[in-house]
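Notes follow the structure.
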Amino acid sequence: MADICSEFLGIRSPNPFWLASAPPTDKEYNVVRAFRAGWGGVVWKTLGEDPPIVNINGPRYGAIYGGDRRLLGFNNVELISDRPLDLNLREIKQVKRDWPDRAIVVSLMVPCEEAAWKRILPLVEDTGADGIELNFGCPHGMSERGMGSAVGQVPEYVEMVARWCKQHTRMPVIVKLTPNITDVRFPARAAKQGGADAVSLINTINSIMAIDLDRMAPSPHTDGKGTHGGFCGPAVKPIALNMVAEIARDPETQGLPISAIGGITTWRDAVEFMALGAGNVQVCTAAMAYGFRIVEDMVEGLKNWMDEKSYARLDDFVGLAVPNVTNWQYLNLNYVVKARIDQDACIKCGRCYVACEDTSHQAISNAKDGHRHFEVIDAECVGCNLCASVCPVENCITMEPMTGGTDPRTGQPVVKGYANWTTHPNNPNRVAAE
Amino acid sequence: MSQKKANIAAGRLSAVEYADNFTDLHAPLDDHQALIEADRCYFCDGAPCTTACPTGIDIPMFIRQISTGNPKGAAATILRDNIMGGMCARVCPTETLCEEVCVRNDAENKPVKIGQLQRFATDKLFTAGAQIFSKGVDTGKRVAVVGGGPAGLSCAHALARQGHAVTVIEAHDKLGGLNEYGIASYKTVDNFAQHETDYILGVGGITVELGKRLGDDVTLGQLRSDYDAVFLGLGLGAVNALSLEGEDLSGVLDAVAYIAELRQAKDLAKLPVGRCIVVIGGGMTAIDIAVQTKRLGAEDVTLVYRRGREHMKASAYEQELAQTSGVRIKYSAKPVRLIGEGRHVRAVEFEYTQPSAKGERFVLEADMVFKAIGQKFVAGPVTGGNDVLELEDGRVAVDNSRRTSLPDVWAGGDCIAGGQDLTVAGVEDGKVAAAAIDRFLRGGAE
């Protein structure tokens with residue numbers, strides 16, 4: 001059986017599934033329930049200075065749904081912990097004592113002054129917590145006070161605070177990054193520059209979930225007004241995957257440990273992030289949607305998958321997909337695919353046809369001998385994958401590479417080997433092919 | 001055979017049982033259920049369901065409209081193609097029409113519940129009481145529509161929308177035709193047929209003359225001279241006979257007439273029904289009478305059909321409905337004689353028709369025997385006098401536009417040759433004929 005014990009920055013946990021700093025990790029009661037359910041660790045909900053912040057008394061969460069009201073994403077306007085600092089510290093200490101094999105990392109957010117960080121760090125250290133996570137990501141409430149994403153959006157601040165923390169504590173320092181920025185590599189580089197041991201990402205994305213058309217106000221609202229909140233859940237996973245990959249393959253941050261966050265709902269999501277270089281993952285929305293028990297399947301699913309693939313330890317697959325993420329100009333222009341429709345699997349809904357006919361390349365026919373029949377016209381198919389994307393039947397439409405002959409669309413021979421845009425004759429800035 | 005008197009009685013059940021037995025066959029979808037079901041539709045291109053619908057309703061579009069929170073738009077999409085979309089949602093054999101060809105059958109052997117969604121959308125509109133149609137600009141033309149059933153009302157509505165003045169002439173004292181007098185009660189509860197009729201008349205421009213029968217109270221010749229065009233939606237006025245010994249015994253009844261009585265009954269507890277029922281036939285009427293007598297409290301109901309299950313005109317779904325309602329279906333047997341005791345029927349003797357048992361006979365005890373072996377067109381009113389319509393297979397011959405052999409007379413519904421005995425087919429006939437009549441009245445090519 002695969003060993004899924006995790007060691008991240010020297011912090012051990014029985015599995016790589018941590019709960020992210022968020023409402024589920026706000027207090028002892030929830031964290032103990034999580035540990036009982038089997039979570040490997042938690043990042044305790046962000047502590048700030050006393051007096052504690054206050055939360056609004058209106059709704060904190062909004063949701064976006066797919067079919068059958070399946071939750072695709074949340075946003076929230078909850079702030080950092082609204083409980084007294086001392087209460088949180090006492091509970092952290094107690095839980096760490098009771099659950100020594102689980103990881104407890106404490107999320108922190110105090111004003112951007114060295115003294116403030118210097119004050120709080122020894123208090124956290126005293127709890128026996130395994131590390132700290134600097135909350136530079138929160139996009140609402142705190143950012144307006146010069147904290148959270150207001151820090152995360154300025155690489156110089158990220159570096160500065162990371163440095164203070166490294167200076168004033170022996171605990172590992174994780175910098176949590178905001179996605180509300182043009183290029184996530186800059187704050188990541190800054191974190192590394194400041195001596196941070198790792199980055200975690202992504203925090204939530206600025207968002208308005210919906211507009212109530214009767215009130216003409218954001219939904220949900222507090223007394224008729226709404227504000228942007230942080231978006232999370234399955235809908236943000238593709239954004240998070242890209243940002244993790246950007247950092248994993250950036251030569252300046254290569255090797256910087258990453259704790260991945262962003263819509264992780266299943267063991268498969270977790271594996272995808274780890275394949276892109278994340279050492280572990282943090283989960284929040286899935287737990288908030290379905291409860292802590294989902295970790296059982298995450299653990300079992302991960303083990304079963306690793307056994308199937310003969311990976312003995314997590315390190316055996318972490319980062320394996322990183323070399324296969326590249327920039328557009330390096331994609332092989334000699335690689336030619338054509339869509340293929342499996343006629344036995346096809347249910348003849350015609351979605352591929354209308355998508356291609358209306359919005360793309362008119363490369364699918366919809367009738368044969370007077371009957372509904374959908375087939376790809378190779379002479380028109382550019383291999384765009386739109387048909388396969390809209391097909392409701394899994395694996396009914398596949399993209400098959402041409403291995404030789406002539407592409408009936410271009411009339412050009414399909415050649416083996418690799419050629420990309422950098423050397424293409426149409427590229428005004430082309431360089432000679434090697 | 002028992003020698004006791006035929007057991008026919010009213011009030012076999014409690015009030016609660018009557019109510020339960022004759023409530024909606026399928027409870028309507030609530031908002032949440034409708035959203036979930038609507039979400040299952042793939043919004044097919046050139047959707048097979050639309051092709052299968054005799055009225056060509058844009059089904060994927062109305063389902064999408066439900067899912068986007070636009071039920072009024074959904075209802076409009078339905079009613080534009082089928083003004084009786086509400087009734088059709090209840091009575092269409094969707095399992096052999098739209099739902100039979102739903103691609104979800106291939107995907108998971110379970111079609112989208114199109115009929116239920118159609119009912120959801122149209123119910124929303126009717127409940128809101130929103131009239132989405134209006135009378136067209138007056139053309140000064142007058143059209144007589146004979147028969148206020150699905151074909152006639154559909155035709156009248158479409159003509160009124162075009163601005164023609166329409167007079168609907170109906171022999172009964174209510175409009176609706178089989179929707180009102182024939183459809184099984186549990187498929188159209190809460191007086192839906194009349195509500196729908198009211199909605200259709202709500203377009204304006206339609207005059208109704210009730211209790212006026214073609215042939216008796218007015219002739220085709222008179223109508224042709226009084227109106228610019230005539231549409232005949234006459235239905236089938238007579239039932240086929242068994243032509244067997246004992247057919248004239250009391251207790252041997254016409255299923256259509258009994259169902260009409262049931263549909264009009266103010267109190268089902270006052271409707272007498274036998275303890276042992278034998279139904280002879282294999283179509284929807286046979287199923288409807290069998291199920292409804294069972295639900296009225298009959299103890300044993302046996303439906304006997306002369307051929308095998310696969311030949312039965314009632315769909316597999318309807319056969320199953322009968323069986324799960326407690327009706328026994330015997331296939332491959334034909335009646336040979338009705339046995340009486342005094343003046344009343346007591347039993348029916350059948351003979352097996354399948355080769356393996358050919359000639360073998362059996363007897364079923366019966367307090368009531370229902371004949372449901374089809375109806376036939378009463379041609380007298382359109383074949384007498386100077387205005388004679390050509391017939392085909394005993395029904396009115398029409399062309400593709402539902403025009404009869406007379407240039408200013410159209411026909412549709414069950415009375416025309418090739419009629420499918422379906423509400424939805426009648427609605428389509430009325431719609432097609434109205435379009436042709438409109439072209440004719442406007443002097444266009446016809």
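The sequence lines fix the lettering, A, B, ..., with proteins before strands; numbering per chain opens at 1.
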Side-chain contact test, heavy atoms from C-beta onward, threshold under 4.5 Å: evaluate it for B/Tyr42 versus A/Ile347 and give yes or no.
yes
For the pair A/Arg351 (side chain) and B/Asp45 (backbone), establish whether a donor and an acceptor sit closer than 3.5 Å, ignoring hydrogens and angles.
no
Are the side chain of A/Arg372 and the backbone N or O of B/Gly46 linked by a donor-acceptor pair below 3.5 Å?
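Looks like yes, one N/O pair under 3.5 Å.
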Is atom [atom1] of [X] surrounded by more than 12 heavy atoms (other residues, nucleotides or ligands) closer than 6.0 Å?
X: B/Glu310; atom1: CD; result: yes
X: A/Asp358; atom1: CG; result: yes
X: B/Arg64; atom1: CZ; result: no
X: B/Lys72; atom1: NZ; result: no

Gap separating the CD1 atom of B/Ile36 from the CG atom of A/Asp68, nearest 0.5 angstrom:
4.0 Å
